Asker: 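Attaching a single structure in structure tokens format; questions to follow.
Just so it is clear: chains get the letters A, B, ... in the order the sequence lines come, proteins before strands, and each one is counted from 1. Just so we're clear, the structure is a prediction, and the values are computed from it rather than from any experiment.
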There are 2 protein chains.
Amino acid sequence: MADETKNDAKRPGPETTEAWIGLMRARERVLARIEADFKAAGQPPLGWYDVLWELVRADDGRLRPFEIEARTLLAQYNLSRLIDRLVKEGLVRREAFDADGRGQWVVITEAGRAMRERMWRTYGPSIEVHVGARLSVAEARQLAVLLAKLR
Amino acid sequence: MADETKNDAKRPGPETTEAWIGLMRARERVLARIEADFKAAGQPPLGWYDVLWELVRADDGRLRPFEIEARTLLAQYNLSRLIDRLVKEGLVRREAFDADGRGQWVVITEAGRAMRERMWRTYGPSIEVHVGARLSVAEARQLAVLLAKLR
DNA sequence: GCAAAGTAGATGCAATTGCATGTATGTGGG
DNA sequence: CCCACATACATGCAATTGCATCTACTTTGC
């Protein structure tokens, strides 16, 4: 996946390259396992959880789409359609945002809160099995610190 | 993105959860930046690089699809179609695998090698800027070690 | 106030992905 | 030898994504 040939301008050292490849591979593997757990439990994909969780955490269970976007790193056009799906499932509803005619609220419903809890009962153990069990507490903390530097 | 409520069976500790969220977010951010660099350079998406690079590294510049699959973590059906695209661009070609009628070789072409080098001139600096510059060598090494535990 | 520029969000269309299943071919047991 | 099962890869179809662009509004500068 990397390269050792030649010598132009700014090339990453091998440690950097391995960190990057490791990052891609680790998230790929872990995510695949977690998504498989969701699927096995007959639950929606992970993306839904993130949005529902952000809403639960927010005041009044409501956020503007652009706020969700910033918190989840979803692309604007993807979020717009993800909200459509959540609305169709009755997990959130859209409400007018009076102070700005362009805006809207996305509000989580009771069904949405219930779904998030149900999903967490899959997700939590899944994180524990696929991540927690492979790292000591100190390692997990250290990993989080290092990853935070990449943002 | 995580949860602190309730107390069922196996729940991840906060360090674990933060490590996992950090993993998702960090790869998201960095990947977005790297893909943007590829796009700005008018080059194909990152996935192409991985396949071409595995072929360059392999003996005779050839691998069986299932070998590429294992090395890159691509899903079988995605790889099958990615190879189609690479063939269409003349970057690889398929060859019969005599010892097993079900199999085939994927062989990198000269154009494929050239493309991989061209892509590396974008990719290398991109990795350096978005990953290398944010970590010391020791940190990068440490990060790679921790990430390796997740596979 | 009002045109120009910016911001919030939606959407048509093409490309990619995921899922289920299909088509060959190989292999192992009886 | 033959059948049941496994393996390698492809593919139809639906869902999701990416990209570019569009439609409201809002704000800014003059």
Side-chain angles (χ1 to χ4, degrees), chain A residues 24 27-28 31-51 54-55 62-89 92-107, chain B residues 24 27-28 31-51 54-55 62-89 92-107:
Chain A
M24 296 278 283
R27 104 101 208 197
E28 194 61 34
L31 181 60
R33 292 178 179 127
I34 289 178
E35 289 278 23
D37 289 343
F38 274 117
K39 216 192 132 191
Q43 286 175 5
L46 182 51
W48 291 32
Y49 185 85
D50 288 13
V51 172
E54 293 303 337
L55 289 170
R62 67 180 55 210
L63 287 171
R64 304 276 307 275
F66 77 93
E67 297 174 308
I68 301 176
E69 198 185 321
R71 286 164 169 72
T72 62
L73 304 185
L74 282 164
Q76 182 268 320
Y77 48 83
N78 282 336
L79 175 59
S80 178
R81 291 188 273 218
L82 175 49
I83 294 171
D84 288 346
R85 283 169 235 146
L86 295 174
V87 168
K88 185 150 32 184
E89 297 297 321
V92 307
R93 76 189 120 83
R94 300 183 199 262
E95 266 182 33
F97 178 70
D98 297 328
D100 185 335
R102 297 166 303 182
Q104 64 184 259
W105 285 112
V106 178
V107 190
Chain B
M24 295 277 283
R27 104 101 208 198
E28 195 61 35
L31 182 59
R33 292 178 180 128
I34 289 178
E35 290 277 23
D37 289 343
F38 273 117
K39 215 192 133 190
Q43 286 175 4
L46 181 51
W48 292 33
Y49 185 85
D50 288 13
V51 171
E54 292 302 337
L55 289 170
R62 67 181 56 210
L63 287 171
R64 304 276 304 276
F66 76 92
E67 296 174 310
I68 301 176
E69 199 186 319
R71 285 165 170 72
T72 61
L73 305 184
L74 282 164
Q76 182 269 319
Y77 48 83
N78 282 336
L79 176 58
S80 177
R81 291 188 272 219
L82 174 50
I83 294 171
D84 288 345
R85 283 169 236 147
L86 294 174
V87 168
K88 186 151 28 185
E89 297 296 323
V92 307
R93 75 188 120 84
R94 299 183 201 263
E95 266 181 32
F97 179 70
D98 298 327
D100 185 335
R102 296 165 303 181
Q104 63 183 257
W105 285 114
V106 177
V107 190

Asker: Taking 5' to 3' order, which nucleotide of DNA chain C is first and which is last to have an atom within less than 4.0 Å of a heavy atom in chain B?
Answerer: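 First and last nucleotides in contact are dT16(C) to dG26(C).
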Asker: Kindly compute the distance separating CD (Gln104(B)) from CZ (Arg94(B)), expressed to the nearest 0.5 Å.
Answerer: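 Output value for this atom pair is 5.0 Å.
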Asker: Are any non-hydrogen side-chain atoms of Val51(B) and Leu79(B) less than 4.5 angstrom apart?
Answerer: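 Touching, per the 4.5 Å side-chain cut-off.
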Asker: Nearest heavy-atom pair of Val87(A) and Arg93(A): which atoms, and what distance?
Answerer: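 Shortest heavy-atom separation between Val87(A) and Arg93(A) comes out as CG2-CA, 4.4 Å.
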Asker: Taking C-beta and beyond as the side chain, do Arg81(A) and Asp84(A) meet within less than 4.5 Å on heavy atoms?
Answerer: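 Arg81(A) vs Asp84(A): side chains touch.
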Asker: Arg85(B): which residues meet the salt bridge (charged side-chain N to carboxylate O under 4.0 Å, His left out) condition with it, sequence neighbours left out?
Answerer: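 Result, salt bridge (charged side-chain N to carboxylate O under 4.0 Å, His left out) vs Arg85(B): none returned.
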Asker: Could you tell me if the side chain of Arg64(A) sits less than 4.5 Å from the side chain of Trp105(A), heavy atoms only?
Answerer: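 Trp105(A) vs Arg64(A): side chains touch.
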Asker: Do Asn78(B) and Leu82(B) come within less than 4.5 Å of each other through their side chains, counting heavy atoms only?
Answerer: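 In short, these two side chains do not touch, never coming nearer than 4.5 Å.
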Asker: Starting at the 5' end of DNA chain C, which residue's closest nucleotide do you reach first, Pro45(B) or Lys39(A)?
Answerer: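 Of the two residues, Pro45(B) wins.
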Asker: Is there side-chain contact between Ile68(B) and Leu55(B), with heavy atoms separated by less than 4.5 Å?
Answerer: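 The answer is yes; the side chains approach within 4.5 Å.
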Asker: Reading DNA chain D from 5' onward, which residue's closest nucleotide shows up sooner: Gly101(A) or Asn78(A)?
Answerer: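 Counting from the 5' end, the first nearest nucleotide belongs to Asn78(A).
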Asker: Treating primed atoms plus P, OP1 and OP2 as sugar-phosphate and everything else as base, which nucleotides of nucleotides 6-11 of chain D get B, S or - for protein heavy atoms under 4.0 Å?
Answerer: BBSBBB
